[in-house]
Amino acid sequence: MPAFAWSAADWPTTEAEAIAEQERLRPLVQPHGPAPSTRPGAATGAHAATGGGPAPDDRLIAGVDVAYDEERDLVVAAAVVLDLDTLAVVEQTTAVDRVAFPYVPGLLAFRELPAVLGALGRLTRTPGAVVCDGYGLAHPRRLGLASHLGVLTGLRTIGVAKTPFTFDHHEPDAPRGSWSPLTDPATGEEVGRALRTRPGVKPVFVSVGHRIGLSEAVDTTLALARRYRLPETTRHADSLCRRTLAELQRGTPAN
DNA sequence: GCGACAG
DNA sequence: ATCTTGTCGC
């Protein structure tokens, strides 16, 4: 899945520019996405969905995550592709980059996506969907990390966050699979779901990224989180980017 | 102005 | 996210 077409030169530098970019991309998010045969390309180009690589394989699902070394201004991203049936790792890649943006609630995508796009671009296979560590439509301007990545790549994306952010929810019932609405206190609308992936354990927060519905996003999350609270995709991506950052630091001791 | 705030 | 000790449990 060759590198995606995006120029670092156009990446927002200020919060105002970043917010303007989110408003520009927001209308490009697709709820369920057209049938494969009529599916338009991503916002940046006709064949952006695969970056010019192989067609998406719905039997595969990817997970992405990043780790930081704030002191050296470094960010390491990891992309791990799993077989949706066996949850076996099919392929994994990493990418190192300079931190391109500070952490600002609501603008997380500008901090993490450059490196994530780099890792995804190194994959040989094209997954049918990508699970992100964060939110999708559940966002102040309805363009969280997951939705943003989806619009940029054309790939189907899902957002699975570990905390409620600024949203409201009631505790889901104890059984695995139970869920309750995640609502935006500002508008009252349902922006996602608090989902119990493990009996009696703190829920995860699922929201739609791009080209998928909330129910399917929830089903996919449950399929990926059987033994642990978090999806296997994010667990693998998390350990890989941390491991990579650690050995990178080991080779470049403190200055 | 103050508090809250994905990762 | 990262920092950071010990502790309970499979």
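Proteins get letters first, then strands, A, B, ... in listed order; numbering begins at 1 in each. Heavy-atom basis, side chains included; hydrogens, waters and symmetry copies ignored.
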**Request:** May I ask you to decide if the ring planes of A/Tyr135 and A/Phe205 are parallel, tilted or perpendicular, using 30° and 60° as cut-offs?
**Result:** tilted
**Message:** To the closest 0.5 Å, what do you measure between CD (A/Glu23) and CZ (A/Arg142)?
**Reply:** 12.0 Å
**Request:** With a 4.0 angstrom cut-off to heavy atoms of chain A, pull out the first and last contacting nucleotide of DNA chain B, in 5'-to-3' order.
**Result:** B/dC5 to B/dG7
Determine the contact category for [X]: base if any of its heavy atoms lies under 4.0 Å from a base atom, sugar-phosphate if only primed atoms, P, OP1 or OP2 are that close, otherwise nothing.
X        : value
A/Gly106 : base
A/Arg227 : nothing
A/Leu107 : base
A/Tyr68  : sugar-phosphate
A/Ala138 : nothing

**Request:** Using the side-chain contact (heavy atoms from CB on, under 4.5 Å) rule, pick out the option among A/Val80, A/Val160, A/Asp65 that qualifies with A/Val131.
**Result:** A/Val160
**Asked** What is the minimum heavy-atom distance between A/Leu120 and A/Thr93, and which atoms define it?
**Response** N-OG1, 4.5 Å
**Prompt:** How far apart are the closest heavy atoms of A/Leu149 and A/Cys132, and which atoms are they?
**Reply:** CD2-SG, 3.7 Å
Nearest-Å distance for atom pair [atom1]/[atom2], residues [X] and [N]:
X        : N     : atom1 : atom2 : value
A/Arg242 : C/dC3 : CZ    : C1'   : 12 Å
A/Asp69  : C/dT2 : CG    : C1'   : 10 Å
A/Glu71  : C/dA1 : CD    : C1'   : 14 Å

**Message:** Can you confirm whether the side chains of A/Glu112 and A/Tyr68 place a donor and an acceptor under 3.5 Å from each other?
**Reply:** yes
Can you list, pair by pair, the side-chain donor-acceptor contacts under 3.5 Å of residues 11-18 of chain A, counting residues two or more places apart and other chains?
from    : atom 1 : to       : atom 2 : distance (Å)
A/Trp11 : NE1    : A/Phe110 : O      : 2.9
A/Thr14 : OG1    : A/Glu17  : N      : 3.1
A/Glu17 : OE1    : A/Thr13  : N      : 2.8
A/Glu17 : OE1    : A/Thr14  : N      : 3.4

**Prompt:** Pairs counted as Watson-Crick or G-U wobble with both distances under 3.5 Å: what dot-bracket string results for DNA chain B, using | for bases tied to another strand?
**Reply:** .......
**Asked** Does a salt bridge link A/Asp173 with A/Arg196, judged by any charged N lying under 4.0 Å from a carboxylate O?
**Response** no
**Prompt:** Any salt bridge between A/Arg235 and A/Asp133, counting N to O under 4.0 Å?
**Reply:** no
